[in-house]
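Notes follow once the structure below has been shown.
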Amino acid sequence: MTNNKKMMNVYTIMWGIIAVVYGLWMALFMSWDQYPYIIPTAADMALPAEDFIAKFDGMLYEPLYQNATAFWLWVIGSTAMLFLYAFFIRKILFADKLTKSATIFCITNLIAGFIFITWYGFLDFPHQFGNILTDVTASMLGLRYPWEFKMWGVLASLSIFTNTLYMYRKNNYEGKAGVIVTSLGCAAIYVTVNVPSAGLNIVMTARCLGHWATALIFAFLGAAGVIIFLFHKCKQKDKKYIIATIIFVAILLLMLVLLVTVGKSAFIENLPMWVAYALLFVINFTSFFDKKAVKETTTV
């Protein structure tokens with residue numbers, strides 16, 4: 001019990017630091033940010049592809065927050081959300097038992113996250129920028145749908161984080177390393193959605209590098225929290241978990257291959273997310289991976 005209290009305090013301090021640093025960064029620096037976005041007219045859509053791209057590739061820079069109220073509501077709301085992550089750890093990972101309310105909360109945001117990122121990945125986007133399945137990324141969509149991009153990040157982070165915690169608690173797995181890497185990964189996406197891509201060809205800038213770095217941190221550390229648990233189960237020689245681990249890692253490797261050979265796209269970026277959602281759903285809310293109790297027989 002003492003060790004649990006100590007770890008809860010460590011996690012609370014960690015998330016407190018993350019939330020404070022994020023809030024200060026948003027308040028002191030991002031209020032001056034010029035957010036690139038793309039809203040072409042019907043006439044622009046009729047332009048030849050090369051003219052369209054030349055006109056809109058990173059050329060439109062205006063403040064996302066047209067009034068102070070919108071900006072500060074987002075800063076306060078997103079910072080408050082980060083403070084809540086420590087509360088989720090306390091109420092899910094360190095709960096005496098998983099309550100019905102915790103189960104409903106986790107399954108609800110898991111389903112909501114799956115539906116939203118799927119819907120977001122197929123939003124309408126100017127066809128001159130390429131095929132939606134192979135060329136248009138989640139951050140590129142954010143250039144046209146900035147608030148939807150923010151919601152994409154919040155729901156993806158919340159659903160992966162809380163359901164990873166639920167998976168740990170359901171299986172009585174402490175997973176200190178898993179909690180820490182998942183925390184860092186799910187916090188990173190809050191930077192990603194506030195510093196979107198600066199355009200299709202504008203690279204090697206502080207904005208672009210910050211965007212890429214935090215997006216990769218979310219992807220790899222978010223997946224790492226799940227993989228750490230799967231490897232733990234593999235050590236117990238659980239065949240179902242061994243197969244699940246092979247499939248999950250194979251999908252991650254497939255995504256890397258597709259990124260190199262095909263290129264970035266929201267569809268390719270969603271592949272590991274879809275698999276993670278499916279895996280977390282089966283582990284958390286079905287009995288497929290649960291060990292069956294061995295019936296005792298008595299002899300007379």
Side-chain angles (χ1 to χ4, degrees), residues 1-11 14 85-86 88-107 109-111 113-114 156-186 217-257 271-299:
M1 189 67 166
T2 303
N3 186 54
N4 283 351
K5 186 176 181 180
K6 180 179 178 181
M7 287 310 303
M8 281 192 293
N9 291 336
V10 170
Y11 295 143
M14 176 182 67
Y85 279 63
F88 297 144
I89 292 176
R90 184 179 297 271
K91 291 299 182 179
I92 299 174
L93 187 63
F94 289 107
D96 292 333
K97 64 177 182 178
L98 289 171
T99 63
K100 185 176 181 179
S101 59
T103 300
I104 293 173
F105 175 74
C106 288
I107 193 172
N109 67 56
L110 184 72
I111 294 172
F114 172 79
S157 174
L158 177 66
S159 55
I160 293 297
F161 184 75
T162 56
N163 280 278
T164 298
L165 294 180
Y166 192 100
M167 177 175 66
Y168 286 8
R169 179 63 187 85
K170 179 181 179 181
N171 291 275
N172 296 313
Y173 177 62
E174 293 183 0
K176 298 181 181 67
V179 175
I180 291 172
V181 297
T182 304
S183 295
L184 295 176
C186 290
I217 289 172
F218 168 68
F220 286 103
L221 294 191
V226 176
I227 291 173
I228 287 172
F229 171 79
L230 293 177
F231 282 173
H232 166 74
K233 285 294 187 178
C234 287
K235 290 179 181 178
Q236 299 176 355
K237 302 187 186 303
D238 189 312
K239 292 182 179 179
K240 290 182 179 179
Y241 276 104
I242 291 173
I243 294 172
T245 303
I246 293 172
I247 293 173
F248 189 59
V249 172
I251 293 295
L252 293 178
L253 293 176
L254 174 62
M255 184 194 74
L256 292 176
V257 171
L271 278 177
M273 290 288 289
W274 287 326
V275 175
Y277 280 136
L279 183 62
L280 288 169
F281 178 83
V282 174
I283 294 175
N284 290 348
F285 308 113
T286 75
S287 59
F288 181 78
F289 285 99
D290 296 347
K291 289 185 176 180
K292 295 180 180 179
V294 178
K295 293 183 179 180
E296 294 184 1
T297 57
T298 57
T299 58

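If you read the sequence from its start, that first residue is 1, and numbering goes on from there.
Smallest separation of non-hydrogen atoms from Cys186 and Phe218: CA-CD1, 4.1 Å. Between Cys234 and Thr245, the shortest heavy-atom contact is SG-OG1, 3.2 Å. Closest approach of Ile107 to Asn163, counting heavy atoms only: N-OD1, 4.4 Å.
Proximity of a side-chain donor or acceptor of Thr182 to a complementary backbone N or O of Val179 within less than 3.5 Å is not detected. Side-chain atoms of Ser159 never come within 3.5 Å of backbone atoms of Leu110 as a donor-acceptor pair (strictly under, hydrogens ignored). Asp238 places a side-chain N or O within donor-acceptor distance of the main-chain N or O of Lys240, the cut-off being under 3.5 Å. Using a distance-only test at 3.5 Å, with no hydrogens or angles considered, no donor-acceptor pair links the side chain of Arg169 to the main chain of Leu98.
Taking 4.5 Å as the limit, some side-chain heavy atom of Leu271 sits within range of a side-chain heavy atom of Trp274. Using a 4.5 Å cut-off on side-chain heavy atoms (C-beta onward), Ile180 and Leu221 make no contact. For the pair Ile160 and Leu280, the minimum side-chain heavy-atom distance is below 4.5 Å.
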- Message: Checking Ile242 against Leu230 for the side chain to side chain contact (heavy atoms under 4.5 Å, CB included) test, could you report, in this order, the C-alpha distance in whole Å, the side-chain angles of both residues, the deciding distance, and whether it holds?
- Response: CA-CA 8 Å; Ile242 291 173; Leu230 293 177; over 6 Å; no

- Message: side chain to side chain contact (heavy atoms under 4.5 Å, CB included) for Val275 and Leu252? Distances and angles first, verdict last.
- Response: CA-CA 9 Å; Val275 175; Leu252 293 178; over 6 Å; no

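Under the ring-ring contact (aromatic ring centres under 6.0 Å, His included) criterion, Tyr166 pairs with Phe285, sequence neighbours left out. Residues satisfying the ring-ring contact (aromatic ring centres under 6.0 Å, His included) test with Tyr11, not counting sequence neighbours, are none. Partners of Tyr241 by ring-ring contact (aromatic ring centres under 6.0 Å, His included), not counting sequence neighbours, listed by chain and number: Phe229, Phe289. The side-chain contact (heavy atoms from CB on, under 4.5 Å) check on Ser287 picks up Asp290, with sequence neighbours excluded. Residues satisfying the salt bridge (Lys or Arg N to Asp or Glu O under 4.0 Å) test with Lys233, not counting sequence neighbours, are none. Annotation: side-chain contact (heavy atoms from CB on, under 4.5 Å) contacts of Thr162 (sequence neighbours excluded): Phe88, Ile92, Phe105, Cys106, Asn109, Leu158.
Atom NZ of Lys170 sits in a crowded spot, with more than 12 heavy atoms from other residues, nucleotides or ligands closer than 6.0 Å.
Separation of atoms OG1 (Thr99) and CD1 (Ile104) is listed at 8.5 Å; rounding is to 0.5 Å. Of the inter-residue distances, the one linking Met8 atom CE with Leu93 atom CG reads 9.5 Å to the nearest 0.5 angstrom. Here the CE atom belonging to Met273 is positioned 14.0 Å from the CD1 atom belonging to Ile251, to the nearest 0.5 angstrom. In this structure, CD1 in Ile89 is found 9.0 Å from CE in Met7, a value given to the nearest 0.5 Å. Atom-to-atom distance recorded for Tyr168:OH and Glu174:CD is 12.0 Å, nearest 0.5 angstrom.
Tyr277 and Phe114 have perpendicular rings, their planes meeting at more than 60° on a 0 to 90° scale where under 30° would count as parallel.
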